[in-house]
Protein chains: 2
Amino acid sequence: MPQGFFGKYHSIILYGLSLGALLVLMKWLEWRFIIIDYAFEIYAGLIALLFTGLGIWLALKLAQPKTITIEKQVLVANTEFVFDENCLNQLGMSRRELEVLQLMADGLSNQQIAEKLFVSLNTIKTHSSKVFEKLEVQRRTQAVEKAKRLSLIP
Amino acid sequence: MPQGFFGKYHSIILYGLSLGALLVLMKWLEWRFIIIDYAFEIYAGLIALLFTGLGIWLALKLAQPKTITIEKQVLVANTEFVFDENCLNQLGMSRRELEVLQLMADGLSNQQIAEKLFVSLNTIKTHSSKVFEKLEVQRRTQAVEKAKRLSLIP
DNA sequence: ACCAAAATCACCCTAAAGTATGAGGGCTTT
DNA sequence: AAAGCCCTCATACTTTAGGGTGATTTTGGT
């Protein structure tokens with residue numbers, strides 16, 4: 001702010017300085033040639049100047065800065081994955097179905113998923129079918145692709 | 001410049017005019033009614049108050065708002081995809097095989113890939129088998145997953 | 001022009017995936 | 001208590017995927 005301050009408010013500062021210079025000049029003239037009749041006006045001017053400056057200073061100091069949020073797009077290789085539960089509910093997907101979907105995305109076969117979850121192959125088939133329905137896809141590769149797009153899985 | 005001058009510095013001009021007007025007013029008041037001992041102090045206080053307010057107003061009007069720029073990082077899905085040709089050659093993957101792999105990643109069935117590439121289903125099967133060999137996987141879901149990890153496909 | 005790699009296709013077979021339907025038990029909501 | 005959802009499992013069937021082998025044609029490079 002130090003150098004920016006003069007840059008931004010140089011008009012006001014110059015105004016102040018010139019007014020001050022003018023007053024000094026007038027005072028000098030007054031002293032030189034004129035009787036001090038206008039002392040009051042001069043003082044008033046000085047006070048006005050001073051407190052104008054004070055007001056400006058106050059305003060600049062106390063003004064709460066406006067925050068401008070600039071969204072900077074950053075390409076991140078692998079972002080922290082935030083699970084979109086809203087989307088999950090919206091699709092009506094159950095926990096178990098999501099679990100199966102995740103394992104599907106890991107490239108496991110239905111048989112492997114069944115073993116991993118200690119259920120039968122048929123159960124996994126049922127789950128995967130429902131997942132395909134809810135994701136409106138026909139194949140597991142499509143399901144995985146779509147689930148990733150919807151942030152259901154990393 | 002004439003109207004531009006006023007446009008740029010009208011605040012300053014108004015300030016000057018109002019200062020002058022105030023002085024005249026006070027002088028007039030002084031003449032008219034009051035001879036008080038502490039007239040000067042009162043006037044000075046009024047002036048200080050008034051011009052402090054004026055300064056504040058000026059600062060708020062003229063100063064471009066103090067801004068705090070917050071750069072919010074927006075995570076953008078890896079738009080720029082840099083294809084790793086080295087890896088491709090290292091694996092001994094051919095163009096056509098990569099093409100099949102890409103379509104596989106889009107969730108297409110072998111039949112759909114065959115239609116899209118104007119070749120027979122058996123050809124696609126041959127290609128996909130070779131892809132699986134070279135990627136050392138057993139299923140297409142695994143192939144897609146690994147290919148993405150290796151930056152062979154977006 | 002030749003060789004190697006790539007691309008194409010076919011056939012057969014098995015495994016896996018996917019569809020459809022039904023059914024029973026557990027849980028929550030109404 | 002009934003309704004509804006979820007999870008489970010089964011059976012039967014169709015489709016797709018994948019492995020293996022072999023063959024022909026294109027293509028790219030020395």
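Chain identifiers are assigned alphabetically (A, B, ...) following the order of the sequence lines, protein sequences preceding nucleic acid strands; residue numbering begins at 1 within each chain.
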Within the sub-3.5 Å range, which N or O atoms of nucleotides 25-30 of chain C have a protein N or O partner, and how far apart are they?
none

Protein-nucleic acid N or O pairs under 3.5 Å, nucleotides 22-26 of chain D:
none

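Helix-axis bend for the helix from C:dA1-D:dT30 to C:dT30-D:dA1: the local axis fitted to the five terminal pairs at one end deviates from that at the other end by 60°, rounded to 10°.
Here the P atom of nucleotide C:dA10 and the NE2 atom of B:His127 are 13 Å apart, to the nearest Å. The CD1 atom of B:Ile124 sits 14 Å away from the C1' atom of D:dT16 (whole-angstrom rounding). Atom pair A:Asn122:CG and D:dA10:C1' shows a separation of 6 Å (rounding to whole Å applied). In this entry the distance linking CZ of B:Phe132 with C1' of D:dG20 reads 15 Å, nearest Å. If you take CG of A:Leu121 and P of D:dA12, they are 15 Å apart, rounded to a whole angstrom. The distance between atom NZ of B:Lys130 and atom C1' of D:dA17, rounded to the nearest whole Å, is 18 Å.
Using modelled atom types and a 3.5 Å distance limit, the side chains of B:Thr123 and B:Ser120 yield a donor-acceptor pair.
With hydrogens and angles disregarded, no donor-acceptor distance shorter than 3.5 Å links the side chain of B:Gln142 to the backbone of B:Val137.
Both B:Val119 and B:Phe132 are part of a single hydrophobic cluster, where members link through side-chain heavy atoms under 4.5 Å apart.
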Return all side-chain donor-acceptor pairs below 3.5 angstrom for residues 97-104 of chain A, not counting sequence neighbours, or 'none' if the list is empty.
residue: A:Glu97; atom: OE1; partner: A:Ser94; partner atom: N; Å: 2.9
residue: A:Glu97; atom: OE1; partner: A:Ser94; partner atom: OG; Å: 3.3
residue: A:Glu97; atom: OE1; partner: A:Lys134; partner atom: NZ; Å: 2.7
residue: A:Glu97; atom: OE2; partner: A:Lys134; partner atom: NZ; Å: 3.1
residue: A:Glu99; atom: OE1; partner: A:Arg96; partner atom: NH1; Å: 3.1

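Projected onto DNA chain C by closest heavy-atom contact, B:Lys125 and B:Phe118 fall at different nucleotides, the more 5' of which corresponds to B:Phe118.
The CZ atom of B:Arg140 sits 7.0 Å away from the OG atom of B:Ser109 when rounded to the nearest 0.5 Å.
DNA chain C is contacted by B:Ser94, B:Arg95, B:Arg96 of residues 92-116 of chain B, taking any non-hydrogen atom closer than 4.0 Å. Proximity of residues 137-144 of chain B to DNA chain C (heavy atom under 4.0 angstrom from any strand atom) is restricted to B:Arg139.
Note on A:Ser120: only backbone sugar-phosphate atoms sit closer than 4.0 angstrom, heavy atoms only; bases stay farther off.
Counting heavy atoms of neighbouring residues, nucleotides and ligands inside a 6.0 Å radius, atom NZ of B:Lys148 exceeds 12 of them. Counting non-hydrogen atoms of neighbouring residues, nucleotides and ligands closer than 6.0 angstrom, the NZ atom of A:Lys146 exceeds 12 such neighbours.
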